[in-house]
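Side chains are part of it too, since the values below use all heavy atoms of this structure and drop only hydrogens, waters and symmetry mates. Remember, it's 1-based here, ligands and their atoms both numbered in the order they're listed.
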Amino acid sequence: MLRKEFLPYAVPLIEDDDIAEVVDSLKSNWVTRGPKTMEFEQRFAEYVGAEYAIAVSSCTAALHLSLLAAGVGPGDEVITTPMTFVASANIVLHTGAKPVFADIDPLTMNIDPAKLREKITPRTKALIPVHIAGHPVELDEIMTIARENKLFVLEDAAHAVYTQYKGKMIGSIGNATAFSFYATKNLVTGEGGMVTTDDEVLADKIRVMSIHGMSRDAWNRYNVSGSWFYEILYPGFKNNMTDIQAALGLTQLAKLERMQGARREIAQIYNSEFGKMPELEIPPELEYARHAWHLYIIKLNLERLMIDRARFIEELKSENIGTSVHFIPVHLHPYYRDTFGYQSGDYPQAEAVYERIISLPLYPRMSKGDVQDVIEAVKRVIERFRK
Ligand SMILES: *Cc1c(COP(=O)(O)O)cnc(C)c1O
């Protein structure tokens, strides 16, 4: 039976405790970076097992400031994956360096370490592996390549809060790791991001650069023990987090295990149902992985269907099921085509998988009925259009 209401593909879990903490922040009269932001940084660092955490305005800012702090600039190359959100590549351009893509492993849709190795040149300065959907990349291999070639590893962990690689938390492995707390992500502050690192010099530089390059932030100037004096150490940015966002971060982090449990449960139900359908390929969770299940991406076996991915999405929409596609390969966007001369065929694995992927709704607020509705809708579309 057709669902009555449209089911969005992503909705955050905002509860009374989240709202109360934000109100507390508003009533405290301290709404920018202050005590709650500092507490959120400390708790987050402890959670992932990193020495330092710097809260910023977005994952994009976290990536950008990390690359700048690592000294990446004009003349350098940075290798990332074409199968990512464009922020992972745009921020390379903003340092003056050139983004270089290495094709993916079609199973996990993560960067293929062998392909990555082929792209290294004397100009290569850094690597940005992306843990797509919350499934970790092959980090041992990537860290080995980085050590051999003296490269900076900046993980894009926008999907990977909670992810583990061989039992180790993402956020405790690369030289720096960037997290996103955007509205659709597993832990939500509205807009927000975090860098984690064990490198004290890097952490200090990122923090200073996130607030104009000032030696003292507002908290350390305006509180009772503060001082009016500051110096500009770098031409910085305005990328700090606020206490209103950090209030949400604190309550969201406190309930992360529960939210992740709900995601895993839904993923398991999907896996057992969709695993029976030869028209679909379900997402893997390899033996080295603890998946964060940020996204549940099915791959259509197009040779068994009479319709393409775009039509499949339209059919699900008419069943009142919202979906998305993660991602349009970066090199196919007009700016990247025009600037770097990329064309179809340059990254065949990413392009082939792109034609097949659909992200289905997966979030803690989904009821058992919602999950069944998604399964039934997918079944009906397949029954209508199987070859
Ligand atoms: C969401 C996302 C980002 C950007 O995160 P913001 O916090 O919105 O800046 C970066 N990389 C990937 C892979 C993402 O999905």
N or O contact, Y182 vs ligand 1, cut-off under 3.5 Å: no
Atoms of ligand 1, numbered as shown, that sit under 4.0 Å from any heavy atom of T84: 13 (C)
Sub-3.5 Å N/O-N/O distance, T60 and ligand 1: yes
F101 and Y347 aromatic ring geometry - parallel, tilted or perpendicular at 30°/60° bounds: perpendicular
Identity and separation of the nearest protein heavy atom to atom 7 (O) of ligand 1: S180 OG, 2.7 Å
Positive for side-chain hydrogen bond (donor to acceptor under 3.5 Å, both in side chains) with T251, one of D16, T189, D18: D18
E191 N/O to ligand 1 N/O under 3.5 Å: no
Ligand 1-proximal atoms of F327, by part, heavy-atom distance under 4.0 Å: side chain
Region of H326 engaging ligand 1 - heavy atom pairs below 4.0 Å: neither
Atom NZ of K150 with >12 non-hydrogen neighbours under 6.0 angstrom: no
Residue and atom name of the nearest protein heavy atom (relative to atom 10 (C) of ligand 1), distance in Å to one decimal: D156 OD2, 3.6 Å
Side chain, backbone, both or neither: V130 near ligand 1, heavy atoms under 4.0 Å: side chain
Side chain proximity check, Y9 to L295, heavy atoms < 4.5 angstrom: yes
Plane angle bin for Y335 and F340 - parallel if under 30°, tilted between 30 and 60°, otherwise perpendicular: perpendicular
Linked, directly or transitively: L300 and I104 (ILVMFWY side chains, under 4.5 Å): yes
For G192, atoms of ligand 1 separated by under 4.0 Å from a heavy atom: 7 (O)
Ring geometry between H64 and F237 (parallel below 30°, tilted from 30 to 60°, perpendicular above 60°): perpendicular
Those atoms of ligand 1 less than 4.0 Å from some heavy atom in H159: 13 (C), 14 (C), 15 (O)
Passing option when V56 is tested against I211, L65, T37 for side-chain contact (heavy atoms from CB on, under 4.5 Å): L65
N or O pair under 3.5 Å between C59 and ligand 1: yes
Heavy atoms from other residues, nucleotides or ligands near OH of Y182 exceed 12 (cutoff 6.0 Å): no
Minimum-distance protein heavy atom relative to atom 1 (C) of ligand 1: K185 NZ, 1.6 Å
